[in-house]
Amino acid sequence: MMTAHPSSPARRALLSFSVERLAPRDELLLKSFVRVLDHRTHQHWHCVESQGDLRVTGEPAGAADADPQQPVLRIGQAAGGAYGLTLPLHAEALEGVLNRIGDALVQARGAQAPAC
């Protein structure tokens with residue numbers, strides 16, 4: 001008998017992220033990690049050109065934010081803020097921060113986003 005895994009893709013929320021001001025190599029690595037980690041994250045993440053649910057940036061903490069309601073994941077040598085990852089990227093750290101951000105976004109919405 002097979003049991004359902006908690007991160008089963010059948011009922012996961014669909015969330016998006018946009019990337020700005022990352023070196024091309026770091027952006028490619030980020031997108032690759034997100035795809036590889038898809039089966040382990042609580043939500044299904046996909047990349048969009050702009051206006052994602054999550055803004056991923058290489059800007060340092062304290063830089064002007066476009067939308068104070070939109071979470072910002074900062075990636076860099078001195079990443080800071082509520083959510084930050086230092087370079088080089090590590091898959092486990094990225095998984096953890098995506099799960100925290102995604103859970104907060106879904107909870108803020110008060111209901112699941114469309115399932116993927």
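Just so you know, residue 1 is the first one in the sequence shown, and it goes up from there.
Here the straight-line distance linking atom CD of Q70 with atom CZ of F17 works out to 12.5 Å at 0.5 Å rounding. The structure places CG of L15 at 12.0 Å from NE2 of H42, a figure rounded to the nearest 0.5 Å. Separation of atoms CG (L37) and CD (E92) is listed at 8.0 Å; rounding is to 0.5 Å. With values rounded to the nearest 0.5 angstrom, R21 atom CZ is found 6.5 Å from T57 atom OG1. With rounding to the nearest 0.5 Å, the separation of CG in L105 from CD in Q107 is 10.5 Å. Atom CD in E27 sits 10.0 Å away from atom CD in E20 (nearest 0.5 Å).
Cluster membership for Y83 and L89, using ILVMFWY side-chain heavy atoms within less than 4.5 angstrom, is shared. Note: the hydrophobic cluster containing V48 does not contain L98 (ILVMFWY, side chain heavy atoms under 4.5 Å, direct or indirect links). Neither V19 nor V36 shares a network with the other; the hydrophobic side chains, linked directly or stepwise wherever heavy atoms of I, L, V, M, F, W or Y lie under 4.5 Å apart, form separate groups for each.
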Problem set entry | Steps toward side-chain contact (heavy atoms from CB on, under 4.5 Å) verdict (D26, I75) | CA-CA 9 Å; D26 294 329; I75 298 176; 5.6 Å; no
Problem set entry | Residues H46, V34; criterion side-chain contact (heavy atoms from CB on, under 4.5 Å); working and verdict | CA-CA 8 Å; H46 72 280; V34 170; over 6 Å; no
Problem set entry | side-chain contact (heavy atoms from CB on, under 4.5 Å) assessment of L54 paired with Q43 | CA-CA 12 Å; L54 169 65; Q43 296 79 25; over 6 Å; no
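Across all non-hydrogen atoms, the minimal contact from S16 to G52 is OG-CA, 3.3 Å. In plain terms, the two heavy atoms of P71 and D53 that are nearest each other are CD-O, 3.3 Å.
Here the side chains of L30 and L94 are in contact, with some heavy-atom distance below 4.5 Å.
Not a single donor-acceptor pair under 3.5 Å links the side chain of S18 to the backbone N or O of R55. In this structure, R12 contributes its side chain and T41 its backbone to a donor-acceptor pair below 3.5 Å. The main-chain N or O of A13 is never found under 3.5 Å from a side-chain atom of H44 such that the two would form a donor-acceptor pair.
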